[in-house]
**Student:** 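Take this structure, written in structure tokens, and hold onto it; I'll ask about it next.
Keep in mind the model is a prediction, meaning the values are calculated, not measured.
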Amino acid sequence: MRINYILAITLFSFAVLFAQSIENLKAKLEKASANDKPALLNQISAQYFSVDLNTAKEYAELALSQSEANDDQLQIAESYKNLAGAYYLAGIFDKSLEYYNHSLKIAQIVNDKILESKLLYNIGHVHLNLGNYSDAFLNYEKSFEIKRKFTDDPKEYALSYSSLGMLKSKISDHESAIEYYLLAIENFMKSDGDNSKNIAYNYNNIGTIYERINLYDKALEYYEEALAIFSEKEMIREEGSALTNIGVLYLNKKDFENAKKYLLRSTKIKEDTKDMQGLSIAVQNLGTVHLFLNDYKKAIEYLNKSLDLEVSMNSVYGQASVLSTIGQAYLKNKQYKKAEEFLQNSKKLAETIDAKDILVEVEHFLANLYKDLNKSNLAYEALSRYASLKDTIFSIHSAQKISDLQNQNMIKEKIIENEILKKEDELKTLEISKQKNYIFLTLIMLAAAVIVAITLFIFLSLRRNTLKKLNEAHAQISAQKNKADQLLKNVLPQNVIDELNQYGESKPKYFENMAVLIADIVDFTFKSAELHPEKLIDELNDIFSAFDRIILKNGCERIKTIGDAYMAVSGIEKKTEDMIERLLVSANQFIEYLETRNQEKGIIWKIRVGVHTGPVIGGIVGKQKYIYDVFGDTINMTTRLMQLSEPMKINVSEKVYSMANSNFEFTKRGEIDVKGKGKSAMFFLDL
């Protein structure tokens, strides 16, 4: 597993400079009073983050105990924050989130807005790593709102832009990510003081995006910008991290000599600065370089060094990652017994923290191992687990772009809601201003008849201006509400939106007859193993977006996507004579679109389609996020029809065959066994 550094400026607000050594802090601790000890214990805890995570936790727990004895709420919050940070670095995100929330509650109780903003920011990062992108956004937004109220410092805005860049990077919105990073750089440049370090971090992160999309020359340009700043400012640790990234870039380009050169430079810096975590990453990548060069002895030597470092830091995720790579090395060298031992040990550790990215890698290596040993049953089991994990990871990564667009709409709706609230505040301010002006002018009119004409003139002018502003604000609110309505239309059928607007709820409905289409991509699981996850997501997003356009054009309704499956219906708004025909036309156009696309693109995609009609129950699922879904035996039968179809064929039930108009021709397939239903007549739509 090759690793790049994402150098996020305030990825943790607990990060500290190493100006004071651990020894100096410990010496101060011995002489400190009981009241001063918690702060020193917390500082020592933070110093251990890149050295030994268990020791970092121990000092944070000591700080917490001492803080509670002193009833020092701010240091209690700081202790929880350090515990959260240590668990984050160990990859135990649920525990990290728990401690961050403890710290946040205290910050809110003592009304420390700056601390609250930092904690919300860090909580956003945890959600980002958990794949909870809407939660990450909402915490970033809350943090940003506090900053807007309490500071005008461009640096604070820059930090928020940087976090939004990371969020966009996570969901593979590369263009937006780069825009946010550039906005961060722009604001750092406006801010007082020397922000060159933070600017370099953002240059580095832009480099990682360009590397991810294989624009290596562009990536190298930004990495070298970051490296130049780190070198000039004598930021030795950061310089080492930038060198690691350049080394990994050359590794990805298969330029192994340059990869070794930069990684060895990084290793030297990390050793000199005693950055154990950074050193582990550098030597692990060096091991991978030698693995590609088939120098197994040297590869395992470096990887064992990395493993020792991860063990010394008590990093579960790091240990699991390195064990997997060692297993791969032994597998390539056909030392199967050792390969299996290391891979199984990696799997056990990864399962304890649910590290799916490592588990999918391990299962892939195990499948190849058992295949080489002719243990077909074990190979099949490992391959099945690999495919299942691959699908799970794909679902998590693609949730924002494909099968869970509700999260993105929720983010957009939150932005619109904030804008509406701002406009409403403006309206209130204008109304108050209007009232004050009226009272003031009335008093002047009563005070002197001589100035009545002037006063009246002023009053009318102000009133006109106020009304104009009110009308403009109302127009903006109306526009924002229209946007929100449009977002709802992307998620829910119109009749459901009408019910929500009128009654505040939408009850489930029974549809006596509805046409249902389900399409599924052929051999998706195995094809996904061949493609980079981001490429896979982009491909599927492109295909499903085209399907959406076809469905909309034919007056049907997309219900949802589930991984590589696509469901649409006709007859949800109102029953029409041609609802079956609309879906059949759509299915036919799906296949025509793919046939054209397959001729133009390098990747061939095929689908199976099933179409059925019958009674369905439809309704909103969930309370926090509106998701419309349909249920019933008709859906189950449509799924069976899809599964029993063939590549680039549309399989329909006898009911669809008998109800379709004479413009459609079908090929009879005979009666086919349907799981749980017995034999059922089926027909292929002639294309």
Side-chain angles (χ1 to χ4, degrees), residues 402-403 513-527 539-572 578-599 603-614 616 629-630 632-661 663-675 677 680-687:
I402 303 168
S403 63
N513 200 25
M514 183 185 292
V516 182
L517 171 154
I518 297 178
D520 178 74
I521 294 179
V522 177
D523 293 333
F524 175 78
T525 297
F526 292 99
K527 189 166 288 189
E539 286 284 305
L540 202 52
N541 187 41
D542 189 39
I543 292 169
F544 282 174
S545 295
F547 287 3
D548 282 345
R549 292 191 292 271
I550 291 168
I551 285 296
L552 183 63
K553 179 182 71 175
N554 291 316
C556 304
E557 185 86 30
R558 192 278 292 268
I559 295 298
K560 62 182 177 180
T561 60
I562 312 168
D564 62 319
Y566 184 101
M567 180 193 292
V569 300
S570 181
I572 200 167
D578 63 345
M579 65 179 184
I580 290 174
E581 286 77 8
R582 288 171 183 268
L583 272 191
L584 292 176
V585 168
S586 298
N588 192 23
Q589 290 175 357
F590 283 5
I591 290 173
E592 288 176 351
Y593 160 76
L594 282 176
E595 286 174 342
T596 302
R597 189 182 192 278
N598 288 341
Q599 291 175 2
I603 302 173
I604 304 300
W605 296 102
K606 296 182 179 182
I607 58 170
R608 288 183 294 261
V609 184
V611 181
H612 185 44
T613 184
V616 165
D629 209 347
V630 289
D633 190 59
T634 299
I635 308 301
N636 296 332
M637 184 60 185
T638 310
T639 303
R640 299 285 184 267
L641 287 161
M642 175 270 293
Q643 292 168 343
L644 294 168
S645 186
E646 294 178 4
M648 303 301 267
K649 293 279 190 179
I650 301 162
N651 191 31
V652 308
S653 64
E654 187 172 20
K655 196 171 180 182
V656 169
Y657 168 77
S658 63
M659 293 176 68
N661 66 37
N663 293 330
F664 295 91
E665 295 183 0
F666 299 87
T667 298
K668 189 172 184 178
R669 301 183 65 192
E671 292 194 337
I672 298 174
D673 278 326
V674 179
K675 185 178 178 181
K677 297 181 181 297
S680 182
M682 296 183 191
F683 303 80
F684 278 139
L685 174 65
D686 293 339
L687 304 177

**Student:** Show the nearest heavy-atom pair for residues Met579 and Ala515, with the distance to one decimal.
**Tutor:**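 Of all heavy-atom pairs spanning Met579 and Ala515, the closest is O-CB, 4.1 Å.
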
**Student:** With a 4.5 Å heavy-atom cut-off, do Arg640 and Met682 have their side chains touching?
**Tutor:**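 With C-beta onward as the side chain, the pair stays apart.
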
**Student:** Using the side chain to side chain contact (heavy atoms under 4.5 Å, CB included) definition, which of the options Leu583, Val585, Asn554 pairs with Ser570?
**Tutor:**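 Of the listed options, the one satisfying the test is Leu583.
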
**Student:** Going by heavy atoms in the side chains, are Ile650 and Phe666 under 4.5 Å from each other?
**Tutor:**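 No, every pair of side-chain atoms sits at 4.5 Å or beyond.
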
**Student:** For the side chain of Glu581 and the backbone of Asn661, is there at least one donor-acceptor N/O pair under 3.5 Å apart?
**Tutor:**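 Judged by distance alone, yes, a pair lies under 3.5 Å.
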
**Student:** Is the shortest heavy-atom distance from the side chain of Leu517 to the side chain of Val609 under 4.5 Å?
**Tutor:**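 Yes, close enough: below the 4.5 Å cut-off.
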
**Student:** Once you round to the nearest 0.5 Å, how far does OG of Ser545 lie from CG of Leu540?
**Tutor:**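 Taking OG in Ser545 and CG in Leu540, the distance rounds to 9.0 Å.
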
**Student:** Check whether any side-chain heavy atom of Val630 lies under 4.5 Å from a side-chain heavy atom of Val516, and answer yes or no.
**Tutor:**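 With C-beta onward as the side chain, the pair stays apart.
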
**Student:** Tell me the closest heavy-atom pair linking Asp686 and Thr667, and the distance in Å.
**Tutor:**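 The answer is OD1-OG1, 2.6 Å.
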
**Student:** Is there side-chain contact between Trp605 and Phe524, with at least one heavy-atom pair below 4.5 Å?
**Tutor:**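 Touching, per the 4.5 Å side-chain cut-off.
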
**Student:** Counting heavy atoms not belonging to Glu665, are there more than 12 under 6.0 Å from its CD?
**Tutor:**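 Count not over threshold, so no.
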
**Student:** With heavy-atom distances below 4.5 Å as the criterion, would you say the side chains of Ile591 and Leu594 are in contact?
**Tutor:**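 No, every pair of side-chain atoms sits at 4.5 Å or beyond.
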
**Student:** Are more than 12 heavy atoms, taken from residues, nucleotides or ligands other than Asp633, located less than 6.0 Å from that residue's CG atom?
**Tutor:**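 For Asp633, atom CG is crowded (more than 12 foreign heavy atoms under 6.0 Å).
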
**Student:** Would you check if the side chain of Asp520 reaches a backbone N or O of Arg608 as a donor-acceptor pair within less than 3.5 Å?
**Tutor:**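 A pair under 3.5 Å: no.
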
**Student:** Over 60° means perpendicular and under 30° means parallel, so classify the ring planes of Tyr566 and Phe547, tilted if in between.
**Tutor:**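 Perpendicular.
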
**Student:** Within the supplied structure, the quantity of interest is the number of heavy atoms (other residues, nucleotides, ligands) at a distance under 6.0 Å from Phe684 CZ; does it exceed 12?
**Tutor:**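 Check passes, neighbour count above 12.
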
**Student:** Identify the two heavy atoms, one from Ile550 and one from Gln589, that lie closest to each other, and give their separation to 0.1 Å.
**Tutor:**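 That closest heavy-atom pairing would be CG2-OE1, 3.3 Å.
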
**Student:** Find the distance between CG (Asn636) and NZ (Lys677) and round it off to the nearest 0.5 Å.
**Tutor:**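 If we round to the nearest 0.5 Å, Asn636:CG and Lys677:NZ are 6.0 Å apart.
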
**Student:** Can you list everything that forms a side chain to side chain contact (heavy atoms under 4.5 Å, CB included) with Ser680? Sequence neighbours excluded, please.
**Tutor:**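 Applying side chain to side chain contact (heavy atoms under 4.5 Å, CB included) to Ser680 gives Met637, Val674.
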
**Student:** What's the separation between atom CD1 in Ile551 and atom NZ in Lys553, rounded to the nearest 0.5 Å?
**Tutor:**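 Answer for the CD1-NZ pair, Ile551 versus Lys553, is 10.5 Å.
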
**Student:** Looking only at atom types and distance, does a side-chain atom of Thr638 sit under 3.5 Å from a main-chain N or O of Thr634, one as donor and one as acceptor?
**Tutor:**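 Looks like yes, one N/O pair under 3.5 Å.
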
**Student:** Got Leu584 and Val652 here, is their nearest side-chain heavy-atom distance under 4.5 Å?
**Tutor:**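 Result yes, sub-4.5 Å side-chain heavy-atom pair found.
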
**Student:** If I compare all heavy atoms of His612 with all of Ser653, which pair ends up nearest, and what's the gap?
**Tutor:**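 Smallest interatomic distance, heavy atoms only, reads ND1-OG, 2.7 Å.
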
**Student:** Heavy-atom count check: over 12 atoms from other residues, nucleotides or ligands less than 6.0 Å from Lys668 NZ?
**Tutor:**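 No - once you tally the heavy atoms of other residues, nucleotides and ligands closer than 6.0 Å, there are 12 at most.
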
**Student:** How long is the gap from CD on Gln643 to CG on Asn651, to the nearest 0.5 Å?
**Tutor:**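 CG of Asn651 is found 11.0 Å from CD of Gln643.
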
**Student:** Rounded to the nearest 0.5 Å, how far does CD of Glu592 lie from CE of Met648?
**Tutor:**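 Rounded to the nearest 0.5 Å, the CE-CD separation comes to 10.0 Å.
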
**Student:** Are the side chains of Val656 and Leu641 in contact, using a 4.5 Å heavy-atom criterion?
**Tutor:**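 Counting from C-beta outward, Leu641 and Val656 never come under 4.5 Å.
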
**Student:** Run the side chain to side chain contact (heavy atoms under 4.5 Å, CB included) test against Glu671 and tell me which residues pass, sequence neighbours left out.
**Tutor:**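 Glu671 satisfies side chain to side chain contact (heavy atoms under 4.5 Å, CB included) with Lys679, Ala681 once adjacent residues are dropped.
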
**Student:** For Lys655 and Asn513: C-alpha separation, side-chain torsions, deciding distance, then whether side chain to side chain contact (heavy atoms under 4.5 Å, CB included) applies.
**Tutor:** CA-CA 11 Å; Lys655 196 171 180 182; Asn513 200 25; 4.1 Å; yes

**Student:** Using only atom types and a distance under 3.5 Å, with no angle test, would you say the side chain of Asp629 pairs donor to acceptor with the backbone of Ile559?
**Tutor:**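 Looks like no, no N/O pair under 3.5 Å.
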
**Student:** Verify, without hydrogens or angle tests, whether Thr613 (side chain) and Met514 (backbone) share a donor-acceptor contact under 3.5 angstrom.
**Tutor:**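 Yes.
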
**Student:** Atom CD1 in Ile543, atom CG in Asp564: separation rounded to 0.5 Å?
**Tutor:**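 It comes to 10.0 Å.
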
